[in-house]
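In what follows, a single structure is set out as structure tokens and then discussed.
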There are 2 protein chains.
Amino acid sequence: MKMTIKDIAREANVSVTTVSFVLNGKAEKISAETIRKVKAIADRNNYVPNVQAVGLVTRKTKTIGLIIPDIENMFFSALAKHIETAFLSQGYNIFLMNTNDILARDLESIELLNNRNVDGIIISLSKEATQGKNMDKIYTALKMTETPFVIVDRDIPRDDCAKVLNDDVFGGYLATKHLIDRGHMNIACITGPMTVSSAAQRLQGYRQAIEEAGIAWNEELVLEGDYQFESGYKHASTLLKKDITAIFACNDLMAYGVYRACLEIDYRVPQDISLVGFDDLMFSSILEVPLTSVKQNVVELSEKIVATMLGQFNGEPIDMHLMIKPSLTERSSVADAKRSV
Amino acid sequence: MKMTIKDIAREANVSVTTVSFVLNGKAEKISAETIRKVKAIADRNNYVPNVQAVGLVTRKTKTIGLIIPDIENMFFSALAKHIETAFLSQGYNIFLMNTNDILARDLESIELLNNRNVDGIIISLSKEATQGKNMDKIYTALKMTETPFVIVDRDIPRDDCAKVLNDDVFGGYLATKHLIDRGHMNIACITGPMTVSSAAQRLQGYRQAIEEAGIAWNEELVLEGDYQFESGYKHASTLLKKDITAIFACNDLMAYGVYRACLEIDYRVPQDISLVGFDDLMFSSILEVPLTSVKQNVVELSEKIVATMLGQFNGEPIDMHLMIKPSLTERSSVADAKRSV
DNA sequence: ATGAAAGCGCTAACAT
DNA sequence: ATGTTAGCGCTTTCAT
């Protein structure tokens, strides 16, 4: 049976008030002797406060709800891990909620977490939720809880809420610029599904780099994929027939599809075609030709999320819209473009 | 502001007791009219009970603690996902705890979850925890909480606690038997680190299949790896010089290393060498030669875990030691052994 | 320097 | 059929 402050009070011959004061560091007026005694008893019996009881009066549960589309997605599992660790060190526990990219489950999760009286909600929207009016539903549901929240990774176009996002535009720019710096002029791009904001943004970064370099825009070089292996393969097969020397695949999975397509027509990476991916999956490092890829900075992302949340708790002025810059992990899939002689 | 039963009571002109009874389905003696009225008010105001308050008196928090080594490991993220979904449908939320395979964090997590008064703990031990005396520490810590728990995936050698494990012996047998059935006689095995129980068990399954087939045991054909890509590569380089026609790599990551080694000496899979992995990572399906691999049944595993936990809650007689049988996902990395002519 | 008492939202034994 | 009341473990205001 767990010990309560009542037990301690009895044993120390003081009131529960005194015990509470001592154990909560509000003991300015309590005699040193009493403090010592109370603390000793608490220590000796491994006293830990009952979180529910404390929560009932303080209206704080010391828990955070984390809503993500899919914990099986490596990006989100990494995120969950870092968030969990960071909050743990602050005395918070994490309720995990998977939505499987279904809007209804976003909504359901928000409600459930609200019923649990979590102190804060961290949410990365389902794909479905990022579309059209659905975003308003989410936003409304979130606001209704009157609980601090922070939007992560997948954006909603509202300014009046805290967000920590990956700078996908910069990521797309980084990948393309790298190719340009190596002398490539004819660079194709296999995008993600354009309904997803990250896809649109990576493409935007690509375009930015192309235009900045004064390269003529060629619509035919950008093909819309769906972030899956197959679409990378299919589009690469098409693109490889054109006059290109490099491909920017907007995620690693599609880049793997590009490798496959190259293999079939006996193209070598990077000798015949340079390739850059996005996500930097663990797998990219053990490929026969390790893939150069844009890496989201999950650690920094997590840190900012935690900081933003704690900032809201403390009513501190916080930077509402944070962008985390990804970086390029250079490996072996990019070579200098051959000089046209 | 959330509504309380007090608010409902006032509005309905009844006592809180009546409201409580109605809302908890203990209203045998309450008049139909009162029931209707109370329910209507509750519904109209989206009343939800305060979990902490309920918990304080019922001593139930409706939360489960999940302790796993690493949510970034695909097996565990899949597990977490299914467990979360299953418990959610029963009204439970999940506290996620990562241990990073560190014993101290297992212990810390158990304590933290205990302080949170979770109703049950699901734990998959850290590697460190599975070694020697450490297991006793875990077991003791778990028992001390007086909270129902179930051990998952990574075993501890005690009979008096609930466990749901993967049948790794059977998995190893399955992989090896498949190779034997295809006519292979000289089958090498690259094991995991022998301190880990799954590694020892997969090897045991391999041995069992070999002996059952009456194939002479050849110690030289089994090499100890560490479940990492590099060790698969290194050992394969050695093994490929010997007179073998097939390799059983005890996880997919090492199998990928085998592919690499084959590539370097121009061996083709499966024409020159047949290969079976273990884990069936998503990646194995998109390899140039898709890998045949043993797949743990995560869904069944999760279901049994949940059932075992709920069984304990209800004091039902439960099967304490469950073994989940993996299955073989056949793809293209295995061919019939060439007939010696 | 310390304690009494009220109250957080709810359940349940015990009236009536 | 419904209400009164005593907690669950804790914080905090107001007395002393």
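Letters A, B, ... are given to chains in the order of the sequence lines, protein chains preceding strands, and every chain is numbered from 1. Everything quoted here is computed from the prediction, not taken from an experiment.
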Test side-chain contact (heavy atoms from CB on, under 4.5 Å) applied to [X] - qualifying residues, sequence neighbours left out:
| X | result |
| --- | --- |
| Arg10(A) | Asp7(A) |
| Asn297(A) | Val299(A), Glu300(A), Ile324(A) |
| Met144(A) | Thr140(A) |
| Asp43(A) | none |

Please report, rounded to the nearest Å, how far the [atom2] atom of [N] is from the [atom1] atom of [X].
| X | N | atom1 | atom2 | answer |
| --- | --- | --- | --- | --- |
| Asn115(B) | dC10(D) | CG | P | 12 Å |
| Arg36(B) | dA1(D) | CZ | C1' | 17 Å |
| Met3(A) | dG9(D) | CE | C1' | 13 Å |
| Leu23(A) | dG9(D) | CG | C1' | 13 Å |
| Gln52(B) | dC8(D) | CD | C1' | 13 Å |

| Which pair of non-hydrogen atoms, one from Gln52(B) and one from Asn117(A), has the smallest distance, and what is that distance? | OE1-ND2, 3.0 Å
| field | Bend angle of the helix from dA1(C)-dT16(D) to dT16(C)-dA1(D), end axes from five pairs each (to 10°) | value | 50°
Identify each donor-acceptor pair in which a side-chain atom of residues 74-88 of chain B lies under 3.5 Å from a protein atom, sequence neighbours left out, and give them as a table.
unit_1   : atom_1 : unit_2    : atom_2 : d
Ser77(B) : OG     : Met74(B)  : O      : 3.1
Lys81(B) : NZ     : Asp70(A)  : OD1    : 3.0
Lys81(B) : NZ     : Glu72(A)  : OE2    : 3.3
Lys81(B) : NZ     : Asn100(A) : OD1    : 3.3
His82(B) : ND1    : Ala78(B)  : O      : 2.9
Glu84(B) : OE1    : Asn98(A)  : N      : 3.0
Thr85(B) : OG1    : Lys81(B)  : O      : 2.9

| query | Partners of Tyr92(A) by side-chain hydrogen bond (donor to acceptor under 3.5 Å, both in side chains), sequence neighbours excluded? | reply | none
| request: Please list, chain by chain and in numerical order, all residues satisfying side-chain hydrogen bond (donor to acceptor under 3.5 Å, both in side chains) with Asn114(B), sequence neighbours excluded. | output: none
| Does Ser15(B) have a side-chain nitrogen or oxygen under 4.0 Å from the phosphate oxygens OP1 or OP2 of dT4(D)? | no
Listing, residues 23-30 of chain A side-chain donor-acceptor contacts under 3.5 Å, not counting sequence neighbours, or none:
unit_1   : atom_1 : unit_2   : atom_2 : d
Asn24(A) : ND2    : Ser20(A) : O      : 2.8
Asn24(A) : ND2    : Ser20(A) : OG     : 3.3

| Reading nucleotides 11-16 of chain D 5' to 3', which nucleotides get B (base under 4.0 Å from a protein heavy atom), which S (sugar-phosphate only), which -? | BBB---
| query | Does Arg158(B) offer a backbone N or O that forms a donor-acceptor pair with the side chain of Lys163(B) under 3.5 Å? | reply | yes
| query | salt bridge (Lys or Arg N to Asp or Glu O under 4.0 Å): which pairs involve residues 129-154 of chain B, sequence neighbours left out? | reply | Asp101(B)-Arg154(B)
| field | Position toward the 5' end of DNA chain D (nearest nucleotide), Thr34(B) or Lys2(A) | value | Thr34(B)
| Start at the 5' end of DNA chain D and walk down; is the nucleotide closest to Leu56(B) or to Glu28(B) reached first? | Glu28(B)
| note | So the contacted stretch of DNA chain C, first to last nucleotide with an atom under 4.0 Å from a non-hydrogen atom of chain B, runs from dC8(C) to dA13(C)
| task | Please work out if Asn117(A) contacts a base, only the sugar-phosphate, or nothing of the nucleic acid, heavy-atom cut-off 4.0 Å. | result | nothing
